[in-house]
Structure formats: C-alpha cells, structure tokens
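Read through the structure below, which is laid out as structure tokens, and then see the notes.
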Amino acid sequence: MSKSVLITGATSGIGKAAAELLATQGYSLILCGRREERLEELAKALSQLTQVKTLVFDVRDREHVFNILKDVGPIDVLINNAGNAHGLSPLHEGDVDDWEAMMDINVKGLLYVTKAITPGMVARKSGHIVNIGSIAGKEAYPGGNVYCASKHAVDAINNSLRMELHTYGIRVSAINPGLVETEFSEVRFKGDADRAKKVYQGFDPLTAQDIAETIAFVISRPAHVNLSDIIIFPTAQAASTMVHKENG
Ligand code: NDP
Ligand code: 8X3
C-alpha cells in the first residue's frame, strides 16, 4: 500500500510543490489549507496521479483541527509546513495582531496538528514528521523578532519530538530554508507585490521545487536513516542578513 502523506499549507509555495512532486512518487496525499478552491483545483489535477484527499481548516482553530483529524486514518508522513511571517517591523513598532498570528499559526497550529497525528504513529510504532522550520529558527535578524521566535520554537519542538519519539521508531526531521521565492513575502508585506518581489531580486533564490525535492529525499531514506536537521540556502546567501546581490 502506498504511504500516506499529510501536508499542511498545500495551497501554495513549498506545500504545493511538495504535493505535486510526491504525487508523482506514489504517495497518497492529504492536502490541507484554508483556501478551499485552490485545494480542490490541486486535488483535481493530482488525482490523475494518486489518491488525494483535501481537508480545509485553519491550523489556529484548535477544536476544528482535532475534530477534522480525528478520522483522517493512518498517516505515515506528516509535513508541518503551514506558516508565514506577518510584518518586518522592529518590535517597538510591531503590530500585536501580527505577533499573535505568527505564534498561533507557526507554533500553536503546528503543535495542534502534531498532537492530533502523533498518537496514531506511536501506536503503530512508525511514522515520520517533517517540520519546515527556517534559517530564522537558527538565527535572528532585525525585524524578524516574533517570526524568528516562532521558528526558534519550531526548532526546539523538532528537537524535543525527536527525543520523545525515536524509541517508537518514528523519525523527526527539520528542513530549515533560507530565502525561497513563494507567496511568503507577499503575505509578510500584506499584499505589497512590488516590495515582495524586491526580496528575491539580484540573486537566484531557492524555489519551492528545491524544498519539495529536499522533502522527497528526506522521506525516502531507508527506515534506519533520519536526516534530523537540514539548513538549505541559495548559493548567494550565507546567513539571514548576508545575501550577495548583483548591483548591490
Ligand atoms: P506561502 O505563503 O506560499 O505558503 C504558506 C502556506 O501556509 C499556504 O499554503 C497557506 O495556506 C498555509 N497557511 C498559512 N496560514 C495558515 C493557517 N492559519 N491555517 C492553515 N494553513 C495556513 O509560503 P511558503 O511556501 O514559503 O511557506 C511554507 C513554510 O515555509 C512556512 O512555514 C514558512 O515559514 C517556511 N519557510 C519559508 C521560507 C521562504 O523564504 N519562503 C524560508 C524558510 C521557511 P492557506 O492560506 O490556504 O491557509
Ligand atoms: C523565511 C526566510 O529570511 O525571510 O523563513 O526569515 S526569512
């Protein structure tokens, strides 16, 4: 039987690219996100290749998360990908609603989904959890404050989970990308497409496909191999604040 993979945040960027790639590799998919139309469109396309189910929910809605995932069936691979940055202001100018969103989505949402899925993995003594962290979970940068805190939390959760679950034969892996050109910056800058575009100008950023390929590699290692913590940069980036751009 094909392995089942649940992907949060499958409506765009990294999650969508992962769904598209994994569909070609014989996994059955459970695709999650809030934008139902996008999910259905993707499911329709990928159902030519594999079995696809969609679940529409906001990871912040604790009760809904537990209810909707209660009957999801055995999940072999959980890809905790849903998340975003909201704003890039110094803390003293920051918008508290943005902070709430990042902590609620990137940290608490990831926890709710993981709590809903993990008991089944423990009972079956098998499974793989892949957490999409960030270089922002390894370093801080100006304006990153709460986003960095949320991704540092993902880093800590990833490490604790691995220690808690390795005795059950469950793998826990983190993939921590640098700059990936997706809808991420448009969300961060609240729909300001020009400002978002500038983030990725003057160098070759990572693509969602690059991260999808990394996910596919991580989950296709033999059962005794766990790639526990990966940092992946575009070649032009050496740290959060160090990007070599042409013309400055
Ligand atoms: P996108 O904005 O393209 O995708 C974000 C995804 O998260 C969407 O599918 C969105 O779906 C989902 N999402 C956001 N909020 C919620 C919510 N409240 N409930 C459910 N789903 C939600 O960005 P990326 O693909 O770049 O981001 C994916 C992950 O990668 C994030 O965790 C991000 O922090 C991380 N990352 C991104 C980097 C980058 O440079 N792009 C670098 C390092 C890490 P919908 O809106 O339909 O709910
Ligand atoms: C996304 C990459 O540098 O914008 O996590 O924080 S960055």
Side-chain angles (χ1 to χ4, degrees), residues 6-20 31-42 54-62 64-65 68-69 79-88 98 100-110 112-113 130-155 157-158 174-191 193 195-196 198-200 203 205-212 214-215 230-234 236-243:
L6 186 147
I7 306 175
T8 65
T11 55
S12 75
I14 294 168
K16 181 169 185 247
E20 288 168 341
L31 306 179
C32 311
R34 291 168 301 178
R35 286 170 288 181
E36 186 168 10
E37 224 170 273
R38 285 193 183 203
L39 271 187
E40 291 313 324
E41 204 177 300
L42 182 62
T54 58
L55 296 175
V56 179
F57 63 91
D58 186 326
V59 295
R60 283 174 290 196
D61 186 340
R62 170 176 161 177
H64 196 190
V65 170
I68 205 162
L69 294 178
I79 302 177
N80 276 322
N81 165 72
N84 275 117
H86 296 271
L88 185 65
D98 284 345
E100 305 278 16
M102 290 185 278
M103 297 312 279
D104 287 351
I105 299 166
N106 303 355
V107 184
K108 289 164 69 182
L110 178 144
Y112 299 156
V113 172
V130 179
N131 295 307
I132 306 302
S134 170
I135 189 59
K138 302 288 187 182
E139 306 172 2
Y141 56 85
N145 45 66
V146 178
Y147 179 67
C148 293
S150 77
K151 289 298 186 177
H152 274 72
V154 172
D155 188 48
I157 292 163
N158 183 69
I175 299 172
N176 301 288
L179 291 159
V180 189
E181 188 166 10
T182 61
E183 294 178 18
F184 178 87
S185 289
E186 266 192 70
V187 174
R188 167 168 256 173
F189 300 131
K190 304 180 193 308
R195 191 173 174 199
K198 286 198 184 97
V199 174
Y200 309 107
F203 74 110
L206 293 168
T207 64
Q209 177 71 15
D210 293 322
I211 308 305
T214 308
I215 292 170
I230 296 173
I231 292 177
I232 171 169
F233 279 127
Q237 183 178 21
S240 281
T241 51
M242 200 181 285
V243 183

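In each ligand, atom 1 is the first atom listed, and ligand 1 is the first ligand listed. Keep in mind that what you see is a predicted model, and the values were worked out from it rather than measured. Count residues from 1 along the sequence.
- Counting only heavy atoms of the protein, atom 28 (C) of ligand 1 lies nearest to Asn81 OD1, 3.1 Å.
- Considering all non-hydrogen atoms of both residues, Leu39 and Ala10 come closest at CD2-CB, 4.2 Å.
- The protein heavy atom nearest to atom 27 (O) of ligand 1 is Gly83 O, 4.0 Å.
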Report the C-alpha distance between Tyr112 and Leu69 in whole Å, list the side-chain angles of each, state the deciding distance to 0.1 Å, and finish with yes or no for side-chain contact (heavy atoms from CB on, under 4.5 Å). CA-CA 10 Å; Tyr112 299 156; Leu69 294 178; over 6 Å; no
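- No donor-acceptor pair closer than 3.5 Å links the side chain of Gln237 to the backbone N or O of Gly178.
- Nearest protein heavy-atom contact of atom 19 (N) of ligand 1 is Val59 N, 3.0 Å.
- Close approach to Ser12 involves these atoms of ligand 1, each under 4.0 Å from a residue heavy atom: 1 (P), 2 (O), 3 (O), 4 (O), 8 (C), 9 (O).
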Between the protein and ligand 2, are there any N or O atom pairs that come within less than 3.5 Å of each other, and if so, what are their names and distances?
unit_1, atom_1, unit_2, atom_2, d
ligand 2, 4 (O), Arg188, NH1, 3.4
ligand 2, 5 (O), Ser134, OG, 2.5
ligand 2, 5 (O), Tyr147, OH, 2.6
ligand 2, 6 (O), Tyr141, OH, 2.6

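- For ligand 1 and Arg35, the ligand atoms under 4.0 Å from any heavy atom of the residue are 8 (C), 10 (C), 11 (O), 45 (P), 46 (O), 47 (O).
- In this view, Ser185 and Phe189, Ala196, Val199, Tyr200 satisfy the side chain to side chain contact (heavy atoms under 4.5 Å, CB included) rule, not counting sequence neighbours.
- The backbone N or O of Asn81 sits less than 3.5 Å from a side-chain atom of Thr8, completing a donor-acceptor pair.
- Of all protein heavy atoms, the one closest to atom 23 (O) of ligand 1 is Thr182 OG1, 3.4 Å.
- For the pair Val107/Ile157, a side-chain contact is recorded, criterion being any heavy-atom separation below 4.5 Å from C-beta on.
- Side-chain contact between Ile215 and Ile132: present, with at least one pair of heavy atoms (C-beta onward) separated by less than 4.5 Å.
- Minimum interatomic distance between Asn176 and Gly133 (heavy atoms only, all atoms of both residues): OD1-CA, 3.4 Å.
- At least one side-chain heavy atom of Leu42 sits less than 4.5 Å from a side-chain heavy atom of Glu20.
- Counting only distance, with no hydrogens or angles, the side chain of Asp58 and the backbone of Arg60 share a donor-acceptor pair below 3.5 Å.
- Polar contact check, Gly15 against ligand 1: no nitrogen or oxygen pair lies under 3.5 Å apart.
- The closest protein non-hydrogen atom to atom 47 (O) of ligand 1 is Thr11 OG1, 2.8 Å.
- Ligand 1 has Lys151 within reach: a non-hydrogen atom of the residue lies less than 4.0 Å from it.
- Side-chain atoms of Leu88 and Tyr141, non-hydrogen and from C-beta on, do get closer than 4.5 Å to each other.
- Within 6.0 Å of atom NZ in Lys138, more than 12 heavy atoms from other residues, nucleotides or ligands are found, so the atom counts as buried in its surroundings.
- Heavy-atom separations between Cys32 and ligand 1 are all 4.0 Å or longer.
- Considering backbone and side-chain N/O atoms, Glu183 comes within less than 3.5 Å of an N/O atom of ligand 1.
- No side-chain heavy atom of Val146 sits less than 4.5 Å from a side-chain heavy atom of Asp98.
- Every side chain to side chain contact (heavy atoms under 4.5 Å, CB included) that Asn84 has, sequence neighbours left out, goes to His86, Phe184, Val187.
- When only interatomic distances are considered, the shortest N/O to N/O separation between Val180 and ligand 1 falls below 3.5 Å.
- The atoms of ligand 1 that sit less than 4.0 Å from any heavy atom of Leu179 are 40 (O).
- Annotation: atom 21 (N) of ligand 1 to nearest protein heavy atom, Ala82 CB, 3.6 Å.
- With a heavy-atom cut-off of 4.0 Å, Arg60 touches ligand 1 through its side chain alone.
- Using a 4.5 Å heavy-atom cutoff, the side chains of Ile231 and Ile135 are in contact.
- The shortest distance between side-chain heavy atoms of Val154 and Asn80 does not fall below 4.5 Å.
- Judged as a side chain to side chain donor-acceptor pair (under 3.5 Å), and not counting sequence neighbours, Asn145 has no contacts.
- Using a non-hydrogen distance threshold of 4.0 Å, Gly133 registers as a contact of ligand 1.
- Considering backbone and side-chain N/O atoms, Ile135 never comes within less than 3.5 Å of an N/O atom of ligand 1.
- The protein atom (non-hydrogen) at minimum distance from atom 17 (C) of ligand 1 is Arg34 NE, 3.5 Å.
- Near Gly13, with a cut-off below 4.0 Å to any heavy atom, the atoms of ligand 1 are 3 (O), 25 (O).
- Assignment of Thr8 to the shell around ligand 1 is not supported, since no heavy atom sits closer than 4.0 Å.
- Under the 4.0 angstrom criterion for non-hydrogen atoms, Ala10 is in contact with ligand 1.
- The protein non-hydrogen atom at the shortest distance from atom 34 (O) of ligand 1 is Tyr147 OH, 2.7 Å.
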